[in-house]
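Structure provided below as structure tokens; questions to follow.
Just so it is clear: chains get the letters A, B, ... in the order the sequence lines come, proteins before strands, and each one is counted from 1. In what follows, every heavy atom counts, from backbone to side chain, and hydrogens, waters and symmetry copies are set aside.
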4 protein chains.
Amino acid sequence: MVKQPDPARRSERSRQAILTAARELVSEVGYAKLTIEAIAARAGVGKQTIYRWWPSKGAVVLDSFLALSEAGPEQDMALPDTGDLEADLKTVMRATVAEFADPAFEGPIRALNTEIINDPALAAQYREKLAGPVDEAKKARLRSAQRAGQLAADADLDLALEVLYAPLYQRWLLRSGPLTPEYADALVEVFLKAMRPAPPGRP
Amino acid sequence: MVKQPDPARRSERSRQAILTAARELVSEVGYAKLTIEAIAARAGVGKQTIYRWWPSKGAVVLDSFLALSEAGPEQDMALPDTGDLEADLKTVMRATVAEFADPAFEGPIRALNTEIINDPALAAQYREKLAGPVDEAKKARLRSAQRAGQLAADADLDLALEVLYAPLYQRWLLRSGPLTPEYADALVEVFLKAMRPAPPGRP
Amino acid sequence: MVKQPDPARRSERSRQAILTAARELVSEVGYAKLTIEAIAARAGVGKQTIYRWWPSKGAVVLDSFLALSEAGPEQDMALPDTGDLEADLKTVMRATVAEFADPAFEGPIRALNTEIINDPALAAQYREKLAGPVDEAKKARLRSAQRAGQLAADADLDLALEVLYAPLYQRWLLRSGPLTPEYADALVEVFLKAMRPAPPGRP
Amino acid sequence: MVKQPDPARRSERSRQAILTAARELVSEVGYAKLTIEAIAARAGVGKQTIYRWWPSKGAVVLDSFLALSEAGPEQDMALPDTGDLEADLKTVMRATVAEFADPAFEGPIRALNTEIINDPALAAQYREKLAGPVDEAKKARLRSAQRAGQLAADADLDLALEVLYAPLYQRWLLRSGPLTPEYADALVEVFLKAMRPAPPGRP
DNA sequence: TATTAATCGAGACGGTACGTCCTGTCTTTGC
DNA sequence: GCAAAGACAGGACGTACCGTCTCGATTAATA
């Protein structure tokens, strides 16, 4: 049986130093050129301390992002709900476009995606810890729209989210086209057209 | 100015050996564990010959896929056009789902995507050589549907393609849900709802 | 300031394996075709372990010779001292001639000299570790002869050693003439003529 | 049977360019870092042209020195002969010391010696073409001294030359001591003491 | 409070691959 | 038919990291 390290003895100071170093280095040199050795050096930590607690480079980086999210524990991911679904979604999608354009996010997010694509375990963790909560917040807004009769009541919300976000995500990931506010608006319009409730009566 | 190698002197025999070796090795060991050194050894080629003609490992692998595509020169990428757009698209999307499920494609395509995400130059080449022609074939089918009045005449076809394909691609890439024939069908239905022509008259 | 490796952590087992491998390989393939890579492979050692502790191929080979010399710790380098300087020197010089003729010594010693000529640092180490102690033993014999009145009391012993040995060394190194016992004797005779004490009295 | 290149077709312009380039590069980067490729590039010559006409790097470099010597065909290597052997020898030895101290000679001469040590064929050529004539000139001066009764008539002149020059050469080659005018003088004095004629009479 | 056992920073280790450089041969093109 | 140009297979270079492995030196919970 393999001896597991005792989490109780774990040095919190080292853990924080490692996550911080990882975050900084991803920004500075990019994920591909990030090395465990550099993280250890920057964090003033022995390499073994990293290998003891994380199974892979990707796990460290993912944790470093999670640490950020968890920082503000009760942070509000809820989407705006003014009653005007189209306006709310355009606001959110334009914000997403802006976020993707921010070079400070560019590197780390690409890094994360790179690793997630090839590591199912990491992908599961990513969905559970990061994507899941965000998606739930989005679905909550859509359910509100369904209740307001602005969206088909029987719509598959997972599919709906994909139709709304996947084009944007793909365009960014593969750099297959410009990300503009207009593009965000167009996506929302297409989405609403696809998801609007069936006209009443006329059976 | 950097001296460029003279393409006229390039050894076709070496080029083929390298591309073949790359293709085989990606299948055998996966992209992450693929090394230039192994490709050179398998191809019976000096490492310098690879470095002379390709800027990165990703470029070699991309080329090795391109070589496959180009193998059958007059291959027909055209989509079926029976006149029934919904049926045709469902056929195509179900085929795409099946292709993504094939473990023989899984590895290499993920590999390619991994590299493309982080290498803009590679991404551009990928779009030009691989994605571009395929997208053109798809757009041709959509234009045919526009002429038949089955699709809004003023639809942005790039956006349309994204709405149709990006959800499928994202679900596969991030493993965020099951890829089933039913899912393919559902995507087509959403797509058609979003893209159908505006009802005539009634101004 | 360049970080120096910590000698306390040095692996003695690796050090020995490297020196042994170097010695064997010099004999087998010659110094010119000796590679760090081959030494590392033969010694079952990472290349970095060699680069960590030695600055050059020549330094490894020099050390591998030194290790041999140090093997017998209390080995007696003292020259014979029968009281008959001429006889003693002829014995020693004839032995040197024989040593130079031994093909097992030929290769490695030429190798070492090759490197020493072009590498002042190596040359210094060579003089300190190998040539120095030997020269001291020789000078001890000459001092004994001075006390016995067989050699000029004011003779420069460094110069004396050079006059005695350099012709032999040069003839061997440049292959500019035959190395015979007679040649050894002739050198000793010339040396004694040059270095004998000035005749007493007769001011 | 191996096809030999036809010397008649040899391009004199290329040959000169190669020898010049070799000489320059030895001075600039040293013999150890001298490469055939660099010579070819500097000379504006194909590598094959070098491999066609010379068997080794050392041969090119030796030839490059020979070309220099042959430049002035009837150049006078004769030593001064004022009748005062000691003064003449001190002049010559001091000049040799100065020459060895000249950094412009340092590199190339060490280079040559490096190669000669390990390549008997090259050594033979060196002795025949370069060292031989110089030694003859020196022996001529010594014979003149013998005729003048300043040197033992039966002295072995080869041995004599070695006693005179080898200490200087060795000290320079191995950097085993300082090369000063005083050292040159001391060597001449020792040499004369060793080689002076036996006192007459007293049989 | 002393003991003891795991974690810590540090970094050497055997390895693998990197990307560069050079070797000596071969091929193409121009003179 | 030699020459320049330079691509080629091969292989060593010296470097960077990998993941493992010792080292004392903390450090924290048990005795």
Side-chain angles (χ1 to χ4, degrees), chain A residues 3-11 13-15 17 33-41 43-53 55-57, chain B residues 3 5-11 13-15 17 33-41 43-53 55-57, chain C residues 3-11 13-15 17 33-41 43-53 55-57, chain D residues 3 5-6 8-11 13-14 17 33-41 43-53 55-57:
Chain A
K3 176 105 67 64
Q4 292 302 325
D6 176 357
R9 288 183 168 277
R10 183 165 188 177
S11 156
R13 126 196 280 283
S14 291
R15 186 174 159 272
K33 293 193 175 176
L34 178 67
T35 67
I36 298 276
E37 217 145 55
I39 297 174
V45 139
K47 282 199 291 176
Q48 197 58 251
T49 302
I50 298 182
Y51 285 110
R52 185 154 29 228
W53 301 108
S56 69
K57 187 176 76 167
Chain B
K3 178 105 67 64
D6 176 358
R9 290 177 170 274
R10 183 163 190 178
S11 157
R13 131 193 279 281
S14 291
R15 187 176 156 271
K33 293 193 175 174
L34 177 66
T35 66
I36 297 273
E37 215 144 54
I39 297 174
V45 140
K47 281 200 288 177
Q48 198 61 52
T49 301
I50 299 182
Y51 285 111
R52 183 154 31 229
W53 301 109
S56 68
K57 185 175 78 166
Chain C
K3 178 107 64 67
Q4 294 301 326
D6 176 357
R9 291 177 170 277
R10 182 165 190 177
S11 158
R13 130 194 279 281
S14 291
R15 188 177 156 269
K33 294 193 175 175
L34 178 66
T35 66
I36 299 273
E37 216 143 54
I39 297 174
V45 140
K47 280 199 288 177
Q48 199 60 51
T49 300
I50 299 182
Y51 285 111
R52 185 157 26 232
W53 301 109
S56 67
K57 186 176 78 167
Chain D
K3 176 109 64 65
D6 174 359
R9 289 186 166 273
R10 184 166 189 176
S11 155
R13 125 196 281 282
S14 290
K33 293 193 175 176
L34 178 67
T35 66
I36 298 275
E37 214 146 56
I39 298 174
V45 139
K47 282 199 291 176
Q48 198 58 250
T49 302
I50 298 181
Y51 284 111
R52 192 164 12 238
W53 300 108
S56 69
K57 186 175 76 166

Legend entry - Whether over 12 other heavy atoms sit under 6.0 Å from A:Arg52 CZ: yes
Legend entry - Earlier contact from the 5' end, DNA chain E, for A:Gly44 and C:Gly46: A:Gly44
Legend entry - N/O donor-acceptor pair under 3.5 Å between C:Lys57 side chain and C:Leu34 backbone: yes
Legend entry - Neighbour count above 12 (heavy atom, 6.0 Å) for B:Arg13 CZ: no
Inset, instruction - Write down the distance between CD1 (A:Ile36) and P (F:dT20), rounded to a whole number of angstrom. - result: 11 Å
Legend entry - Protein-nucleotide distance (C:Ile39, atom CD1; E:dG14, atom P), rounded to Å: 14 Å
Inset, instruction - Examine the base of E:dC21 for any acceptor or donor lying under 3.5 Å from a partner atom in the side chain of B:Gln48, and report the outcome as yes or no. - result: yes
Inset, instruction - Hey, could you give me the CZ/CZ distance between B:Arg10 and B:Arg15, rounded to the nearest 0.5 Å? - result: 5.5 Å
Inset, instruction - Ignoring backbone atoms, establish whether C:Arg52 has a side-chain N or O less than 4.0 Å from OP1 or OP2 of E:dC13. - result: yes
Inset, instruction - Grab the CD-C1' distance between A:Glu37 and F:dC17 for me, whole Å please. - result: 5 Å
Inset, instruction - Please state whether the phosphate of E:dG9, meaning OP1 or OP2, lies under 4.0 angstrom from any side-chain nitrogen or oxygen of A:Ser14. - result: yes
Inset, instruction - Look at D:Thr49 and F:dA4 and indicate whether a side-chain polar atom (N or O) is within less than 4.0 Å of OP1 or OP2. - result: yes
Inset, instruction - Mind calculating the distance between OH (C:Tyr51) and P (F:dC17) to the nearest angstrom? - result: 17 Å
Legend entry - Any B:Arg9 side-chain N or O less than 4.0 Å from OP1/OP2 of E:dT27: no
Inset, instruction - In whole angstrom, give the distance that lies between atom NZ of C:Lys33 and atom P of E:dT23. - result: 15 Å
Legend entry - Integer-rounded Å distance: E:dT16 P and B:Leu34 CG: 17 Å
Inset, instruction - Take the protein atom CD1 of D:Ile50 and the nucleotide atom C1' of F:dG6, then report the distance between them rounded to whole Å. - result: 14 Å
Legend entry - Donor-acceptor pair under 3.5 Å, A:Lys47 side chain vs E:dG11 base: no
Inset, instruction - Return the value, rounded to whole Å, for the distance between atom CZ of A:Arg13 and atom P of E:dC8. - result: 12 Å
Inset, instruction - Find the distance between OG (C:Ser56) and CD1 (C:Ile36) and round it off to the nearest 0.5 Å. - result: 7.5 Å
Legend entry - B:Trp53 side chain near F:dC8 phosphate (N/O to OP1/OP2, under 4.0 Å): yes
